[in-house]
Amino acid sequence: GESVGLHLPTLSVQEGDNSIINCAYSNSASDYFIWYKQESGKGPQFIIDIRSNMDKRQGQRVTVLLNKTVKHLSLQIAATQPGDSAVYFCAETSPGGAGSYQLTFGKGTKLSVIP
Amino acid sequence: DAGVTQSPTHLIKTRGQQVTLRCSPKSGHDTVSWYQQALGQGPQFIFQYYEEEERQRGNFPDRFSGHQFPNYSSELNVNALLLGDSALYLCASSLGPGREQFFGPGTRLTVL
């Protein structure tokens with residue numbers, strides 16, 4: 001079936017280093033992807049998104065790369081800080097009726113930043 | 001400006017009981033989506049409400065039902081609770097069905 005998954009369930013990085021979180025998706029019809037950050041006891045928080053007509057998008061300290069050929073997404077966090085410690089999810093969107101869409105989330109990667 | 005709020009924060013029920021969870025969307029938002037997040041998993045889409053109607057539904061049984069009120073707030077009802085219904089239930093609101101979703105903190109449901 002269609003699925004969104006992550007290669008690494010956990011990632012530990014030294015403060016100040018760059019982090020890369022990977023995600024594979026299998027629905028070739030997906031045209032919109034979002035990265036979320038979820039801190040303990042909170043709901044997912046939007047980080048950055050990308051549409052399928054792009055292969056790279058940059059935000060503040062974050063960059064998302066999309067490789068449609070191999071159906072792969074990555075989230076790069078520059079100069080990782082302790083506040084970046086959280087679980088990161090990629091999500092793909094499936095279009096529904098009346099312009100709606102549902103989010104399909106991957107399992108998540110836990111990022112731990114070592115001070 | 002208040003974000004998405006959910007109540008209660010935590011809830012404990014026993015198998016076979018029924019539960020109602022509540023969500024107030026972010027100010028100005030008219031669309032509410034519900035997700036179930038089991039421990040260690042990503043959120044799974046349950047359904048989405050817009051204009052007081054269920055617009056899209058994920059792969060959940062009919063025991064899961066919902067409602068949206070004229071003020072855009074929403075309820076999620078689960079009947080005949082099973083142990084496997086224990087999870088964090090997340091509500092997300094958006095300004096329209098296809099727009100960016102903002103998540104609430106969730107309601108932690110434990111079924112004993």
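Naming: A, B, ... by sequence-line order, numbering from 1 per chain. What's counted below: heavy atoms across the whole structure, side chains too, no hydrogens, waters or symmetry copies. Keep in mind the model is a prediction, meaning the values are calculated, not measured.
Clustering of Ile, Leu, Val, Met, Phe, Trp and Tyr side chains at separations under 4.5 Å leaves B:Leu82 isolated, with no partner residue. Other members of the cluster containing B:Val111 are B:Leu11, B:Val19, B:Leu21, B:Val32, B:Trp34, B:Ile46, B:Phe47, B:Tyr49, B:Phe60, B:Phe64, B:Leu76, B:Val78, B:Leu81, B:Leu83, B:Tyr89, B:Leu109, with ILVMFWY side chains joined at under 4.5 Å, either directly or via other members.
Under the rule for a ring-ring contact (aromatic ring centres under 6.0 Å, His included), the partners of B:Phe102 that lie at least two apart in sequence or sit in another chain are B:His29.
For B:Arg57, the part sitting under 4.5 Å from any heavy atom of chain A is the backbone (N, CA, C, O) and nothing else. Looking at A:Gln45, neither its backbone nor its side chain comes within 4.5 Å of chain B, counting heavy atoms on both sides. Residue A:Tyr36 touches chain B through its side chain alone, counting heavy-atom pairs closer than 4.5 Å. In this structure, the portions of B:Glu100 lying under 4.5 Å from any heavy atom of chain A include both its backbone and its side chain. Interface residue B:Gln37: only side-chain heavy atoms are found under 4.5 Å from chain A.
The cluster map of Ile, Leu, Val, Met, Phe, Trp and Tyr, joined by side-chain heavy atoms under 4.5 Å apart, puts A:Leu111 and A:Ile47 in the same cluster. A chain of hydrophobic side-chain contacts below 4.5 Å, direct or via other Ile, Leu, Val, Met, Phe, Trp or Tyr residues, connects A:Leu103 to A:Val87. A:Phe46 and B:Leu95 fall into different hydrophobic clusters, where Ile, Leu, Val, Met, Phe, Trp and Tyr residues are linked whenever their side-chain heavy atoms come under 4.5 Å apart, directly or through other members. A:Ile34 and B:Val4 fall into different hydrophobic clusters, where Ile, Leu, Val, Met, Phe, Trp and Tyr side chains are chained together by heavy-atom contacts under 4.5 Å.
Within residues 51-65 of chain A, no residue has any heavy atom less than 4.5 Å from a heavy atom of chain B.
Minimum heavy-atom separation, A:Pro44 to B:Leu90: CD-CD1, 3.7 Å.
Surrounding CG of B:Leu39 are at most 12 heavy atoms belonging to other residues, nucleotides or ligands under 6.0 Å away.
Using a 4.5 Å heavy-atom cutoff, the side chains of A:Phe89 and B:Pro43 are in contact.
In this structure, CD on A:Gln102 lies 15.5 Å from CZ on B:Arg55, to the nearest 0.5 angstrom.
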